[in-house]
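Beneath this line is the structure, given in structure tokens, with notes to follow.
Small disclaimer: the values here were computed from a predicted structure and weren't measured. Chain A is the first sequence line, chain B the second, and so forth, proteins listed ahead of strands; every chain is numbered from 1.
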Amino acid sequence: MDMLTQIIFNSLIAGAIYALVALGFNLIYGATKFFNFAHGSIAIAGGYATFYFNKILGVDVYLSVLLGILCAGFLGYISNKLVFSPLRKKKSSHMIFMVASLGILIVIQAVISLIFTSEFQTLSSSLASSKKYIFLTGIITKTQLILFLSVLLIMGLLVLVLKKTMLGKTISAISDSEEIARNIGINSNRVISYVFVIGSAIAGVAGIFVGFDTGISPTMGMSLLLKGVIASIIGGVGNVYGGVLAAFMLGLIENFGVWNFSGEWKDAISFAVLILFLLFRPQGMFGKK
Amino acid sequence: MNILKLKKIRKHFNGVLALDNLSLDIKAEGITGIVGPNGSGKTTLINILSGCESLDGGTIIIDDSLRSKKMRAYENSIFGITRTFQEIRLFEQMTVLDNVLVVLTEKNVLGAIFEKHGEYHLMKAEELLKVVNLWEKRNELAINLSYGQRKLLEITRALSTDAKIYLFDEPFAGLFPEMIKTVMKIIKKLKEEGKTVILVEHNMLLMRELCDEIVVMDNGKLLSKGKPEEVLNKKKVLDVYLGK
């Protein structure tokens, strides 16, 4: 087994999870222009929902994954309907949105802790994780392979919807100016609802995979979100492709950093990259000045 | 026939009355100009008619149906109303073509997922953009257009809604003479097609030439209304414009 190949594999898996979080975050940020802290906890809630259906109720693993994704999408829908939509009607500032989303994050974390305790839970034994494949000179598990392929599939579908359908143009129109979008007859509230459902469901996929890959705890949402956000900023906020590419790049930098230094430096490396970008290229890798 | 009937409409901002029990009827299939000094409530009126601002009191009847006080902006398309803004507002990060296509195509979310713009939409967009000489620029981002081109694109976007009532807020401001001619042609054509145009504009020469009727507003109230030559020569109108 070659260490370099293995690190690249690990980086791709980490990158795939960050990419999923960044995808959903960018989608919601694009349409609403506020920093949605709740996004990370919704991702983790997706993981816990799958855990609940699969490990506690004994539902089939694939069905549990589907239910977990649906739960995350539903949570996104509810958070928009109950909190963000009324705030939009009141024309609240982005700061208020951000604080409200922080509140949702805390509530979701607390509810998860109450139901599942704050212990670390893992989904891994459910998805035949023992199966391993050897590619080139590295090892990749079946779960990791499914995760990686899912990211490619989800990204492909999302790009197709955003670039090729009129729904994509409608979302672009809203992210450009919600007021004009409304004026030309777009029901922006409804479109934003869909964006929350889609974005949160994608985050849910990330949370579920974290559950399979390393395991989840109720407070993991924030750090997961921050990694996704770092990827978004590096890739250019609101840029779907940029976010995904940056997520994989972040995965690589983190894993190579950990290999050279030690595991404790992982988060520090990510934030150092973020600070470098904020200082020297705040518009991101692919953003225009 | 009157397409718009406003009865005692009221709007205030922080204690200042922008529209003060304004009652006004607007004739269908004609061009009505709204004039008045700055702060007289012209733009507020346009904002209220287009659903951008809510109404504090009074009623608005559009084409014999009562419009709800809480009408949301996106519902104005149901009433067949469209508008342009005093300060140009476009989808800046979208191409010229997409600015028009997004209006022409499906707005229902589920429908829009599966819809890609068809040949028909593209032909319609081409027809509209050629009128304002923007077809050649269709793949450029709206933000990269010149001021005049941006204004023309905004007007084209309004035209693509195929509305019954067009509200134009200072459509000629800052345009070159050639572009002014183009916009005049567009407005005259709308009238020929039986549409209703409401125009807010400071250029009185253009207003005299285009409008069938002029409404003069002052301090949120109706000062005078009638044919341009009659209204614009009235002493009280001249007093408001030139000072007593």
Next on the checklist: Apply side-chain contact (heavy atoms from CB on, under 4.5 Å) to residues A/Ser172 and B/Gln93 and explain how you reach the verdict.
Outcome noted: CA-CA 8 Å; A/Ser172 306; B/Gln93 298 300 330; over 6 Å; no

Item to check | Of A/Ile184, A/Ile180, A/Asn183, the residue whose pairing with B/Arg83 passes side-chain contact (heavy atoms from CB on, under 4.5 Å) | outcome: A/Asn183

Item to check | For B/Arg150, all residues meeting salt bridge (Lys or Arg N to Asp or Glu O under 4.0 Å), sequence neighbours excluded | outcome: B/Glu92

Next on the checklist: To the closest 0.5 Å, what do you measure between CE (B/Met94) and OG (A/Ser175)?
Outcome noted: 8.5 Å

Item to check | Results of ring-ring contact (aromatic ring centres under 6.0 Å, His included) for B/Phe91 - residues two or more places apart only | outcome: none

Checklist outcome for this item: Rounded to the nearest 0.5 angstrom, the CG-NZ distance for B/Leu104 and A/Lys169 is 12.5 Å

Checklist entry - Taking atom NZ of B/Lys185 as the centre, does the number of heavy atoms from other residues, nucleotides or ligands within less than 6.0 Å exceed 12? => result no

Checklist entry - Just wondering, more than 12 heavy atoms not from B/Phe176 lying within 6.0 Å of its CZ? => result no

